[in-house]
Amino acid sequence: MTATRVLVLNSGSSSVKYQLLDMADGSRLAMGLVERIGEETSRIKHTLLADGGSTRERTGPVPDHSAALKAVAAELDGDGLGLDSPELAAIGHRVVHGGLTFTAPTVVDDAVLREIERLVPVAPLHNPANITGIRTARQLRPDLPQVAVFDTAFHTTMPEYAARYAIDVETADAHRIRRYGFHGTSHAYVSRKTAALLRRTPDEVNVIVLHLGNGASASAVAGGVCVDTSMGLTPLEGLVMGTRSGDIDPAVIFHLSRVAGMSIDGIDALLNKKSGLVGLCGDNDMREIVRRTDEGDQRAQLAFDIYVQRLKKYIGAYTAVLGRVDAVTFTAGVGENSAPVRAAAVAGLEGLGLAVDPGLNAVRSENPRLISPEGSRVAVAVIPTDEEREIAQQVYALVKD
Ligand code: ADP
């Protein structure tokens with residue numbers, strides 16, 4: 001029997017998301033989530049997608065990631081899809097920060113694990129959970145390839161002048177301070193799918209990808225290669241996000257410290273958790289914000305306008321970076337679902353060759369689609385992202401021979 005299945009694990013600080021895919025036909029066999037790890041009321045939700053589909057849910061204490069992964073293995077086992085199945089080819093792990101070392105998916109051994117650990121200072125919120133996930137999976141199936149797929153990898157092609165901050169070179173290098181970018185798996189997948197939608201190959205097209213989820217980032221992709229992206233050393237830079245500020249004058253931090261007497265941890269929490277849409281209007285769900293603006297809510301309107309202004313700035317900047325743009329593509333929760341955000345982000349950019357057809361923009365669909373008027377100079381597209389599938393494909397391509 002050939003092993004064609006890949007289990008994709010996305011271990012966050014208090015959650016583990018997983019999907020089991022069969023790369024023989026691309027089908028999704030099972031998916032699920034363990035959340036609130038470490039609390040009394042942890043929740044496991046497991047969905048079997050094969051055989052017509054069914055969902056099981058239960059709550060109870062899951063003390064740590066090791067217990068979470070064992071619970072995932074038990075759920076899969078219950079459906080005859082356990083980790084000991086000979087059809088399982090590999091386990092793919094989403095790892096947020098791969099620094100400059102990891103430019104491609106990598107089979108994990110002790111040296112790789114040490115290097116991912118070495119990157120913890122630049123990704124303190126994310127890499128520790130990813131490492132725990134890998135360690136536990138290795139204990140469960142020591143003989144199986146464990147492959148790390150890095151959020152930063154797609155952006156390692158950025159030229160030095162896009163990746164380097166204009167700060168003292170020695171200081172920056174001593175602390176590995178540079179722009180790494182994130183959401184790379186999504187930007188890679190969506191830019192490639194955009195080329196397919198345009199019936200071209202990735203090397204023929206220049207695309208601006210707008211990944212607008214709770215976290216949000218933009219990238220400029222020239223001929224399939226990332227040349228700039230909006231997130232930086234951490235996922236805080238760039239677009240306005242659900243709870244993160246995106247770009248601000250760094251002197252705001254000195255000001256909050258010196259004048260408002262805030263601690264560094266307090267400022268960190270302010271900019272990462274209490275800013276962005278939530279800081280501006282109290283909500284970070286775009287559906288709720290649009291509903292409030294429809295009712296004439298001024299705070300929600302201002303939050304929406306600030307969000308859109310930032311998007312326009314990045315579309316303009318990346319048009320300049322790319323020189324020629326073939327498509328602007330919206331993806332992730334907001335990008336795939338919010339017609340008002342897409343319309344507003346492109347409004348007034350006719351000079352850049354951009355327009356949205358209101359009828360096409362209003363269509364709700366889970367398929368990749370164009371929303372620009374026929375014959376537009378620059379295509380505007382909506383492409384649902386699928387990070388798990390992209391991870392599974394990259395993992396399978398690495399281990400299948
Ligand atoms: P994450 O970054 O957590 O992976 P997602 O890509 O799932 O996020 O995006 C989540 C966000 O998408 C929500 O916070 C919400 O703002 C937005 N969203 C989801 N569905 C809709 C919808 N139907 N209309 C507008 N916005 C939506």
Side-chain angles (χ1 to χ4, degrees), residues 8-19 31-36 45 94-96 125-126 129-130 149 151 181-190 193 209-219 229-231 234-246 272-295 297 299-301 303-308 310-311 329-345 356 361-369 371 382-391:
V8 178
L9 290 179
N10 183 351
S11 307
S13 55
S14 65
S15 71
V16 174
K17 291 186 201 147
Y18 61 96
Q19 280 193 16
M31 62 192 287
L33 162 76
V34 187
E35 54 185 356
R36 297 197 291 271
K45 187 176 172 186
R94 175 186 180 208
V95 178
V96 168
L125 299 178
H126 297 101
N130 303 155
V149 177
D151 263 28
F182 299 89
H183 292 144
T185 310
S186 177
H187 287 283
Y189 176 83
V190 169
K193 285 274 171 190
V209 178
L210 302 169
H211 176 110
L212 312 179
N214 206 16
S217 63
S219 69
T229 195
S230 60
M231 283 178 166
T234 76
L236 182 56
E237 192 180 347
L239 300 174
V240 176
M241 310 184 207
T243 65
R244 296 182 207 134
S245 63
N272 273 298
K273 300 201 174 111
K274 290 187 246 163
S275 296
L277 293 170
V278 113
L280 288 166
C281 74
D283 271 309
N284 62 346
D285 191 319
M286 194 51 84
R287 283 167 286 206
E288 185 59 16
I289 292 169
V290 169
R291 194 191 61 70
R292 284 171 57 186
T293 61
D294 289 344
E295 288 176 351
D297 184 319
R299 269 185 77 188
Q301 185 66 55
F304 183 88
D305 292 345
I306 293 169
Y307 186 92
V308 166
R310 191 78 51 86
L311 275 175
T329 303
F330 290 87
T331 192
V334 176
E336 290 165 30
N337 295 300
S338 184
V341 165
R342 295 192 298 254
V356 157
N361 190 31
V363 173
R364 295 196 63 85
S365 160
E366 300 202 334
N367 296 324
R369 58 201 184 273
I371 57 168
V382 180
I383 306 228
T385 192
D386 194 342
E387 287 161 288
E388 288 78 15
R389 181 174 298 284
E390 176 68 16
I391 291 173

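Counting starts at 1 for both ligands and their atoms, following the listed order.
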Original post:
Between Arg287 and Asp285, is there a salt bridge with N-O shorter than 4.0 Å?
Top reply: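 Counted as a salt bridge, because a side-chain N and a carboxylate O are separated by less than 4.0 Å.
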Original post:
Is any NZ, NE, NH1 or NH2 atom of the basic residue among Arg292 and Glu295 found under 4.0 Å from an Asp or Glu carboxylate oxygen of the other?
Top reply: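 No.
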Subject >> Under 3.5 Å side-chain donor-acceptor pair for His211 and Thr331 >> reply: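 Checked: His211/Thr331 side chains show no N/O donor-acceptor pair below 3.5 Å.
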Subject >> For ligand 1, the residues whose heavy atoms come within less than 4.0 Å (ordered by chain, then number) >> reply: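 Its neighbours under 4.0 Å (heavy atoms only) are Gly213, Asn214, Gly215, Asn284, Asp285, Met286, Arg287, Ala332, Gly333, Val334, Asn337, Ser338, Arg364, given by chain and number.
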**OP:** Report the residues that fulfil salt bridge (charged side-chain N to carboxylate O under 4.0 Å, His left out) with Glu237, sequence neighbours left out, ordered by chain and then residue number.
**Re:**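 Testing Glu237 for salt bridge (charged side-chain N to carboxylate O under 4.0 Å, His left out), a comparison that skips the adjacent residues, returns Arg179.
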Original post:
What pairs with Tyr307 under ring pair (Phe, Tyr, Trp, His ring centres under 6.0 Å), at least two apart in sequence or on another chain?
Top reply: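 Result, ring pair (Phe, Tyr, Trp, His ring centres under 6.0 Å) vs Tyr307: none returned.
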Original post:
Can you name the residues that form a ring pair (Phe, Tyr, Trp, His ring centres under 6.0 Å) with Phe304, not counting sequence neighbours?
Top reply: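 Per chain and number, Phe304 pairs via ring pair (Phe, Tyr, Trp, His ring centres under 6.0 Å) with no residue.
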